[in-house]
Structure formats: structure tokens, C-alpha cells
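Working notes, beginning with the structure itself.
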Amino acid sequence: MRTISENKCFGGVQGVYAHPSDACRVEMTFGLFLPEEVQDGPVPVLWFLAGLTCTHENAMIKAGAQAWAAQQGIALVFPDTSPRGQGVPNDDAFDLGQGAGFYLNATQSPWAQHFRMFDYITDELPRLITRNFEIDEDRQAITGHSMGGHGALTLAMSLPGRYRSVSAFSPICNPTRSDWGRKQFKAYLGPDEALWAAHDASLMMQSRGFDGPILIDTGTKDQFADKLMTESLATSIATRRQQATLRLQPGYDHSYFFVSSFIKDHVTFHAEALYA
């Protein structure tokens with residue numbers, strides 16, 4: 001692992017690091033905010049998964065999460081959204097290939113060799129971080145925006161007991177029925193739609209749910225509402241009687257202006273679970 005940068009931030013340190021990834025078979029970059037409390041021992045951690053076209057930088061720079069994480073003594077991890085670089089397959093469309101990993105393990109050519117973001121986020125990167133930094137692996141929570149909201153919800157439901165809480169901003173809720181999902185799942189996982197269900201938050205909510213609290217915020221003026229399909233997840237939550245809070249925020253859109261407006265609520269929400 002090599003250090004790209006480290007900057008003092010709200011009493012802690014915002015770092016950016018790179019490392020060779022066995023899962024993605026290419027160098028990967030991530031951001032990590034460590035609060036001042038890390039000097040006294042391991043701290044809980046909140047993962048922030050970013051959306052389509054984003055890198056580790058988008059949420060790290062735009063969400064404004066560090067100020068509130070510093071108040072709560074929580075670390076923040078900002079992974080990249082996909083493998084990148086020479087030899088990594090890509091597509092001319094913004095919603096497939098580099099910047100659009102969808103937090104799954106691809107099984108189809110040409111994506112399968114590098115696009116293993118599920119393994120990277122849930123196994124390789126956590127091991128790297130807990131080995132090199134004072135992170136309490138028993139106190140983890142996860143959030144994300146858009147494609148990252150999809151990732152946060154599906155990873156949380158895939159790994160019972162891993163995350164104490166999950167939240168999402170404008171998540172892609174029903175990708176097996178959405179233009180942001182069907183195209184990518186067919187490319188990454190193949191034409192058998194039965195294999196797609198394990199990466200659809202609405203279907204996973206019906207079949208397994210989440211063993212903890214959930215917070216979801218989506219703007220009523222979100223310009224991608226037809227692709228997010230929030231109503232499908234709301235129906236699944238109600239049917240399962242899942243512990244969850246789903247808020248439609250009047251007038252807000254899909255941007256990081258929306259995310260930064262409610263990030264304090266989400267960090268506080270996770271802090272309550274992480275320190276319970």
C-alpha cells in the first residue's frame with residue numbers, strides 16, 4: 001500500500017491510498033478519514049459507496065461527512081466504484097464498465113477478470129484497512145448514493161451480522177426492472193435473470209431483509225426517479241414489516257447538494273447503531 005496524500009481534517013486525517021488488488025487484478029485507490037480518537041485505539045467505521053461515474057473522490061470531497069464523523073469518532077472509507085487502468089475493459093456508455101462496477105462479481109467476458117467489486121469491498125479492502133489502521137472490524141456500518149445506495153443495501157442484506165446499520169441516498173432499488181440494472185446485469189452476469197435477484201434490494205428485502213435499522217432518503221425532484229424505483233423497495237419493506245425509515249425529501253434532486261443536506265442525519269443514525 002502506498003500513500004497518495006494525507007491532510008489534517010476536523011482534528012483527524014483524510015488520507016488517500018493505493019494498493020495492488022488481488023480481487024480486481026489492478027491497482028485500486030481509496031479514501032480513508034480517521035478521526036482524532038484513533039490515537040486512543042480502534043474506532044468504528046462507516047463505508048460510503050459512490051455512484052455511477054464516480055471515483056473515491058466524489059463523496060470524499062462533496063458529501064461533507066468528515067465534520068459529522070469527527071464529532072462521533074467514526075472512520076469513513078471511500079472506495080472506488082470499479083477497477084480502472086490499462087487493460088481494464090470499458091464501454092463508451094457512462095453506465096457500464098469503468099465507474100460502473102455495481103458492487104458485484106462479474107462472471108461474463110470481458111468483465112470477469114477485473115470486475116469483482118463484491119469481493120473487493122466485502123473482503124479484500126476491509127482486511128487491508130484493519131491490518132494497517134486502527135479500525136474496529138466488529139463495528140461497521142454502510143451507506144451509499146445512487147448505484148452506491150444499491151450497493152450498500154445489497155451488501156448489507158448479503159452479509160448478515162457484518163453491518164450494524166445501513167442507509168442510502170437515492171438508491172437504485174429495483175435494478176432487475178430498471179435501465180440502471182438490466183443492461184449491466186446482463187453484461188456482467190449473463191442472460192439468466194434468476195442470477196440477478198441476489199443484487200436487487202427490493203427482491204432481497206422480500207426474501208431475507210436486514211437484521212438492523214435502515215434509513216433511506218430520496219428527493220421528490222430526483223431526475224432519475226424512473227430508474228431508482230423507490231416505490232418497489234417501499235412495498236417490499238412494508239410487506240416484510242422491516243425496521244426502516246424511508247423519507248421522500250421535498251424538492252431535492254439526485255445531486256451531492258442533496259446528499260450533503262442530509263449527511264448529518266445519516267452519520268448520526270449510524271453512530272447510534274455503532275455505539276449501541
Side-chain angles (χ1 to χ4, degrees), residues 31 33 45-69 72 74 76-81 95 99-103 121 140-157 163-175 178 180-181 199-202 204-205 210 212-234 236-237 242 244-274:
F33 170 74
V45 61
L46 174 61
W47 294 76
F48 194 115
L49 306 185
L52 286 168
T53 74
C54 295
T55 70
H56 68 281
E57 286 190 325
N58 294 72
M60 185 181 79
I61 294 172
K62 296 179 179 180
Q66 292 91 338
W68 310 115
Q72 301 288 352
I74 295 172
L76 299 168
V77 183
F78 303 98
D80 203 345
T81 54
D95 56 359
F102 269 78
Y103 302 102
I121 297 294
Q140 299 188 56
I142 191 166
T143 188
H145 174 232
S146 193
M147 180 186 72
H150 142 80
L153 291 167
T154 56
L155 267 58
M157 287 188 276
Y163 307 104
R164 294 194 181 185
S165 52
V166 58
S167 74
F169 299 88
S170 311
I172 302 171
C173 296
N174 198 185
S178 169
W180 280 355
H199 305 283
D200 185 305
S202 295
M204 295 177 74
M205 181 60 66
F210 176 66
I214 298 173
L215 172 63
I216 297 169
D217 276 315
T218 298
T220 62
K221 297 296 185 181
D222 194 302
Q223 58 270 47
F224 303 111
D226 60 322
K227 296 179 174 62
L228 303 182
M229 305 185 75
T230 308
E231 296 82 0
S232 295
L233 182 57
S236 295
I237 288 171
Q242 167 74 45
T245 300
L246 195 161
R247 308 186 300 190
L248 296 176
Q249 300 292 359
Y252 284 90
D253 60 16
H254 199 74
S255 69
Y256 267 96
F257 295 111
F258 162 61
V259 174
S260 62
S261 296
F262 296 99
I263 191 66
K264 179 183 178 181
D265 291 356
H266 285 244
V267 173
T268 302
F269 164 79
H270 289 295
E272 291 175 355
L274 291 167

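Hydrogens, waters and symmetry mates are skipped; everything else that's a heavy atom, side chains included, is used.
- Residues Leu153 and Pro171 approach most closely at CD1-CB, 3.9 Å, considering heavy atoms.
- Listed here is the closest heavy atom pair of His150 and His199: CE1-O, 3.0 Å.
- Between Ala63 and Phe48, the shortest heavy-atom distance links the atoms CB-CE1, 4.4 Å.
- Here the CZ atom belonging to Arg164 is positioned 6.5 Å from the CG atom belonging to Leu274, to the nearest 0.5 angstrom.
- In this structure, Tyr163 OH and Trp47 CH2 are separated by 6.5 Å, a value rounded to the nearest 0.5 Å.
- In summary, the side chains of Asn58 and His145 do not present any donor paired with an acceptor at a separation below 3.5 Å, with no hydrogens or angles considered.
- Asp80 and His56 share no donor-acceptor pair across their side chains, judged by distance under 3.5 Å alone.
- The CH2 atom of Trp180 sits 8.0 Å away from the CZ atom of Phe102 when rounded to the nearest 0.5 Å.
- With Ser165 as the fixed residue, the side-chain hydrogen bond (donor to acceptor under 3.5 Å, both in side chains) test singles out one of His266, Glu272, Gln140, His270: His270.
- Rounded to the nearest 0.5 angstrom, Asp200 CG and Met205 CE are separated by 11.0 Å.
- Contact detail for Thr220 and Gly251: the closest heavy-atom pair is OG1-N, 2.8 Å.
- Note on ring orientation: taking the six-membered ring where Trp is involved, the planes of Phe258 and Phe169 are perpendicular (angle over 60°, cut-offs 30° and 60°).
- Taken to the nearest 0.5 Å, the OG1 atom of Thr143 stands 10.0 Å off from the CD1 atom of Ile216.
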